[in-house]
Each structure stands twice: as structure tokens, then as C-alpha cells.
Amino acid sequence: MMTPLVEMRDISIAFGGVKAVDNVSVDLHAGEVVGLLGHNGAGKSTLIKILSGAYPKGSGEIRINGEAVEIHNPRDARALNIETIYQTLALADNLDAASNLFLGRELTTAFGFVDDDAMEAETRKIMGRLNPNFQKFKDPVKALSGGQRQSVAIARAVYFNAKILIMDEPTAALGPQETKMVAELIGELKKQGIGIFLISHDIHDVMDLCDRVSVMKNGQLVGTEKVEDVTDDEILAMIILGKRPERT
Amino acid sequence: MTDAADTGAAAPKRRSLIDTLELDTRLLGMIGAFIILCVTFDLVTDGRFLTPRNIFNLTIQTVSVAIMATGMVFVIVCRHIDLSVGALLATCSASMAMIQTSILPQYFGMELGGPMIWAIAAASGIVVGGLIGALQGWLVGYLTIPAFIVTLGGLLIWRNVGWHMTDGQTIGPLDPTFMMFGGTNGTLGAGASWAIGALAAAFCVYAIWQGRRRKQKHGFTVKPLWAEFALGLIAVGAIMGFVAILNSYEVPTRRLARMFAARGEEMPEGYTEAYGLPISVLLLIVVAIVMTIIAQRTRLGRYIFATGGNPDAADLSGVNTRLLTVKIFALVGVLCAISAVVASARLTNHSNDIGTLDELRVIAAAVIGGTALSGGIGTIYGAILGALVMQSLQSGMAMVGVDAPLQNIVVGLVLVVAVLIDIIYRRRTGDA
């Protein structure tokens with residue numbers, strides 16, 4: 001079997017004595033979508049924030065392409081081509097789409113000044129691909145609709161050649177049309193060999209989009225299953241009861 | 001006008017004149033309010049308010065607060081506050097005064113009036129201001145003590161550190177070259193002022209042309225040519241008009257006579273000389289340009305605004321928001337030192353109460369200038385305009401003969417009403 005793109009082994013993190021993530025191991029292969037399921041507070045967002053550098057891990061090991069790595073902050077994660085689309089989108093509302101897309105990685109002129117025109121031109125290019133209806137390049141993202149904001153957040157993750165993409169509830173704020181757009185995008189990214197962690201609490205989303213699912217409950221991993229091997233009800237049982245499906 | 005109609009058809013989306021010129025309506029509103037204020041005072045004082053002399057004095061009096069206000073914009077945009085700027089100014093002023101009058105002459109044998117004294121003093125003051133600012137920024141950013149508390153403590157500490165350094169004495173007179181940064185004692189005269197005005201005007205035109213070319217290169221829609229010309233004309237007109245006003249304020253004859261007498265010369269009959277651009281105002285303009293470039297054209301500025309808009313987002317985007325806080329407060333410290341040069345030079349000495357209550361004036365200037373305390377929004381030019389509005393109000397009322405307590409009541413009201421208008425404006429335009 002090929003070396004997984006990402007391996008998170010025995011990861012634990014505690015906040016003030018509460019084990020938010022307790023000895024969890026998950027992995028992800030190139031071109032694969034792995035769903036992370038669980039109730040609110042099950043620890044799935046926390047687990048994934050350790051990978052994206054937002055939280056330092058308490059203990060455990062992260063391997064990228066088989067090599068152990070240390071991720072101390074979001075900059076480290078980005079350097080490893082790990083991009084994250086946060087549930088909150090993590091956009092600076094007062095800045096325009098281009099400034100958000102390039103936040104932390106601004107294009108600069110020869111003199112080291114930020115090159116707004118170049119960034120706007122690049123933003124127009126990628127938005128033309130992702131969301132051709134997007135026109136509000138001059139407005140602060142606060143003035144955009146939920147779907148438009150989401151496309152800015154997605155564009156930011158995709159633009160910088162992500163190898164590992166983390167999507168935290170990417171369709172939570174979206175209408176049916178936009179949800180379809182995200183689903184198509186996930187399919188396209190998969191074909192490019194990008195590995196995707198998809199966090200959701202909508203099992204239908206997950207069953208449609210994912211190859212495997214890992215279910216968490218109370219900070220612990222209930223189990224990881226291939227989507228074609230389990231039914232919706234069995235997944236529900238894992239989420240609610242923490243019970244692995246019985247194999248005959 | 002046919003030209004305008006043609007281009008209007010080519011770009012159907014653009015409607016009003018203001019849209020076409022891509023002018024900032026907030027800026028226009030503030031300039032409008034400022035002009036109304038000035039004209040009203042001018043009418044009430046029978047034309048004494050808008051004289052070259054008063055305009056000259058107004059600009060000089062505004063400089064110190066305006067310089068610090070540009071830094072306060074960054075602090076407030078980043079959702080912090082700095083209550084220590086007035087006290088920090090006092091400490092910087094005290095150190096610079098001690099260095100030029102006591103340390104350099106005593107230990108290094110430099111005489112007051114030596115060629116390097118002003119530079120050494122100013123540079124040391126800037127280092128002191130920067131270090132103290134950085135320390136406060138570190139307390140806020142890394143130790144996560146609220147900025148309000150750190151700088152409230154700073155207000156008490158630095159005012160009295162300054163007191164301690166000078167044993168409470170007034171230190172003066174300062175170095176003559178140093179005092180040229182104060183305003184009246186250091187002006188460029190008519191010729192140099194015209195030259196600088198012309199240079200600035202030429203640069204404005206160049207910048208407009210460059211901006212247009214850059215946008216065209218990327219294939220963006222640009223303003224119609226006539227609009228660029230109109231903007232250029234306004235900019236050039238404003239710059240040259242300002243220089244013309246300052247140049248028409250002539251040095252009083254008696255003062256000139258004294259200056260000639262000091263050099264042991266006789267003043268020729270009918271000799272006149274204009275003040276021109278004060279060095280302190282030139283300093284403010286340079287600070288304003290540098291700060292605007294930082295705000296709009298550098299990563300530092302971009303991160304300041306991003307952090308103010310959404311600190312978590314900035315953090316997750318890899319911005320080191322802690323270090324950013326240190327940088328912002330250090331920058332404010334440096335600006336306090338520059339203000340201290342101007343303020344003490346204007347007074348020709350350092351006194352313990354220098355910069356007292358400046359923190360409130362500086363915050364008010366930034367806020368009147370449209371900086372939102374909720375963070376993420378603010379402009380450098382707004383803060384400077386805010387400082388100018390405050391100073392005009394104060395000296396206008398003094399000129400009219402309004403009682404001192406009533407003056408402060410009015411300034412307080414204006415501060416609150418200005419913020420209210422700003423909130424209503426933003427709600428209307430949906431621009432938050």
C-alpha cells in the first residue's frame with residue numbers, strides 16, 4: 001500500500017483538563033476525500049485545527065508523505081501545502097476579495113510594496129474559474145453574500161497549490177446551487193490528486209462526497225469505514241451511540 | 001462636456017460625478033464640514049479667521065497632535081488604544097532636552113548650537129520613544145495585558161519618568177537648530193516653499209499617471225481621461241494654493257529688524273520676507289505620506305487592517321499578530337518622539353506639563369477622522385483632518401471669545417456628534 005499523504009497518529013489535546021481529542025489516529029491518501037463526522041463537540045474541528053496549525057498538539061505524531069513533521073502555527077501548515085477552509089471562513093470583513101485571498105502571502109512589487117493591481121488580476125482569474133458570476137472585486141467582503149464569501153475562502157485555499165485541503169463545514173452556509181458548486185469542485189480537486197479532509201455533520205454530504213469516513217465521539221475515534229461498506233443507519237449509530245457496525 | 005457624455009456611455013455603470021472621479025465621499029464630507037467651520041468662524045470674526053497669519057498658526061499648532069494621531073489610527077484600527085502618548089511625548093521631550101543641554105555639553109564637550117547636537121538629540125529621543133512603545137506593545141501583544149491598562153499605567157509612569165529626569169525643572173533654551181522644528185523659528189521662506197510645492201505637485205501628477213498605466217496594464221477599466229485631469233488639477237491647485245497662503249504671511253517688520261540687528265546689519269528700507277512653509281508642517285506632510293504608504297502599500301499595513309477586521313483570520317492566515325502589536329506600539333512611540341521634537345521646539349524649552357491631555361486630543365482626532373473603535377477602519381488623512389478640525393474649533397472659539405469651559409463643552413459635543421454622523425453614514429452606505 002502507498003504511503004498515506006497524511007497520517008495523524010495517537011493525537012491528543014486537552015483544554016483545562018478536558019480531553020478534547022483523545023488518542024485519535026486518522027489518515028488520508030492522495031486523491032481521496034475522508035469525511036470526519038461527529039456531533040458538535042466531538043472533537044473533529046479540534047483535531048483538524050491541530051493539522052492546520054491553529055492549535056499545537058498535546059501529544060502524538062503527524063506524518064506527511066511518511067515524514068514526521070512539526071506544525072507549530074498556520075505558517076508551518078501552509079509551508080507543507082496544507083490549506084484550510086474554516087467554518088467561519090476566516091475572512092477579514094473589512095478587506096476586499098483580493099486582499100483576503102492573498103492575506104499573509106501578498107504579491108509584492110520589485111520595491112517590496114504590496115501590488116494590489118496584480119493581486120486583483122490574479123483574483124479575477126481564479127474567480128473566473130470558480131465562480132464566474134463573482135463581480136464585486138472592489139467591495140469589502142462584508143458586502144458579499146454567503147456563497148460569494150465561501151468562494152473567496154475556497155479560492156484562497158485552491159490558489160496556492162494545496163496538496164492537503166481541510167474543509168470545515170464547507171456547505172453549512174450555502175444554498176443548493178452553491179452546494180452543488182462545492183461538490184463539483186471537490187470532485188475536480190480529487191482528480192488533481194489533492195487529499196481532502198471534509199468535516200461535516202450532514203451525513204448525506206459525506207456519503208455523496210467521501211471515500212472513507214472517520215467518526216468521532218467525545219474526543220475519541222469510533223472508527224473509520226469505507227463509504228461503500230456502510231449504510232447511513234450504521235454511520236448514524238456510530239455518531240450517536242459510538243457503536244461500530246458489526247461485521248458478519 | 002461632450003467628452004464626458006461619450007465616456008459616460010462607454011462605462012454605463014458610472015453615474016454621478018463623484019463616482020466617476022472615484023472620490024471618497026467620507027473625505028469629501030469631512031472637507032466640507034471643515035470648510036463650513038472655517039467660513040463660519042471667518043464670518044463671525046469679521047474675516048480674522050481665514051487670514052494667512054491665522055492659517056499659518058493653525059497649521060503649526062496642529063502638527064504635534066496630528067503626527068501622533070497618524071499612529072493612533074493604527075492602534076485603534078487594531079482594536080487597541082494608547083492612553084500614554086502625551087506622557088510618552090513628555091519623556092521623549094525630557095530625554096532630548098537633557099541630552100542637548102546637559103549630557104552632550106558636559107560629557108562630550110559639545111556646545112549648544114553645535115552642528116550635530118539637534119540630530120543626536122532627536123535620534124536619541126526617537127530611540128527612547130521606539131523602545132518604550134515596543135515595551136508597551138510587548139506587554140499588550142505577548143503578555144496579553146489589555147492595551148487600555150498598559151497605557152493607562154504608562155500615562156502615569158512616563159509623565160513622571162520625564163519629571164524625574166529633569167527634577168521637575170523647565171529645561172531651556174534648547175539648541176537653536178533643534179528649535180527650527182517648532183514652527184515660527186524654522187520656515188523655508190518663499191522660494192524654497194514654491195519649489196517644494198512644485199515638486200509635490202509634479203509628484204502627484206506622476207502618481208496619478210502611473211496608477212492609470214498600471215491599471216491599464218492589467219486591463220482594468222480606468223477613469224475617463226478628463227476625470228484624471230480634473231483630479232490632477234484639484235491636487236495641484238490645493239498644493240499650490242496652500243503654499244501661496246503660507247507665502248503671503250510676511251514676517252513682522254519689527255521681528256525682521258531684530259534679526260538684522262542680531263547679525264549686526266541694518267535692515268534695508270521696505271524690506272519684506274515671507275515665512276513660507278514651516279519645517280514642522282513639512283515634517284507632518286512627510287510623516288503623513290510615509291504612514292499612508294505603510295497603511296496602503298506595505299504588508300505591515302495590510303496586516304494591521306486585517307487584524308483589526310478579524311484577528312482570528314489574520315492569525316490563521318499566518319500573520320504574527322503578537323509581533324504586529326509590538327511593531328504598532330513601537331511606531332507610535334517613534335511618532336511621539338517626533339511630536340516631542342516639534343512640541344518642545346515650539347515652546348523653545350521642555351516643561352513638565354508638555355503634552356498634558358494630548359492622549360485625549362490624539363484619540364479624538366483619530367476618531368473624528370473616521371477611525372472606528374470597533375477596529376479595521378481608519379485613514380491617515382482622516383486623522384490629520386480630525387486634528388485640524390479640533391485645533392480650528394479651539395482657536396476659532398478663542399478668537400470669537402467663547403469662555404474656556406464652554407470651549408471644552410463644544411469640543412466634547414463635536415467629538416460625540418462626529419462619531420454619531422459617521423455611524424449613520426456607514427449604516428446608510430452599508431460600508432462598515
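Naming convention: chains lettered A, B, ... in sequence-line order (proteins, then strands); numbering from 1 in each chain.
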Quick check: do A:E120 and B:H218 have side-chain heavy atoms less than 4.5 Å from each other? no

Would you find more than 12 non-hydrogen atoms of other residues, nucleotides or ligands less than 6.0 Å from A:F160 atom CZ? yes

Closest approach of B:T298 and A:V114, non-hydrogen atoms and distance? C-CG1, 3.8 Å

Counting only heavy atoms not in A:E67 (residues, nucleotides, ligands), do more than 12 fall under 6.0 Å from its CD? no

Would you confirm whether A:R78, through its side chain, and B:S317, through its main-chain N or O, come within 3.5 Å as a donor-acceptor pair? yes

Taking everything shown except B:Y142 itself, do over 12 heavy atoms lie less than 6.0 Å from its OH? yes

Where do B:L316 and A:P74 come nearest, in terms of heavy atoms and distance? O-CB, 3.3 Å

Other residues, nucleotides and ligands only: do more than 12 of their heavy atoms fall within 6.0 Å of NZ on A:K190? yes

Can you find a heavy atom in the side chain of B:R299 that is under 4.5 Å from one in the side chain of A:T108? yes

Side-chain heavy atoms of A:R124 within contact of B:F220, under 4.5 Å: yes

Between CZ on residue A:F113 and CD1 on residue B:I293, distance to nearest 0.5 Å: 5.5 Å

Less than 4.5 Å apart, side chain to side chain, heavy atoms only: is that true for B:R297 and A:T109? no

Taking the side chain as every heavy atom from C-beta outward, state whether A:L103 and B:Y303 have any atom pair closer than 4.5 Å. yes

Heavy-atom distances under 4.5 Å only: say whether B:F305 touches chain A with side chain, backbone, both or neither. both

For atom CZ of B:F203, is the number of surrounding heavy atoms from other residues, nucleotides or ligands below 6.0 Å larger than 12? no

So does B:R214 get a backbone contact from the side chain of A:D117, meaning a donor-acceptor N/O pair under 3.5 Å? no

Between A:F111 and chain B, with a heavy-atom cut-off of 4.5 Å, which part of the residue counts as in contact: side chain, backbone, both or neither? neither

Would you mind checking which part of B:N320 comes under 4.5 Å of any heavy atom in chain A, side chain (CB onward), backbone (N, CA, C, O), both or neither? both

Could you tell me whether a side-chain N or O of B:N310 sits under 3.5 Å from a main-chain N or O of A:L91, the two making a donor and an acceptor? yes

B:F148 CZ: over 12 foreign heavy atoms closer than 6.0 Å: no

Checking heavy atoms, do the side chain of A:A77, its backbone, both or neither come under 4.5 Å from chain B? neither

In short, B:A313 meets A:A92 closest at the heavy-atom pair CB-N, 4.2 Å

With a 4.5 Å heavy-atom cut-off, do A:D116 and B:R302 have their side chains touching? yes

Contact winner vs chain A - B:P311, B:G219, B:A306, heavy-atom pairs under 4.5 Å: B:A306

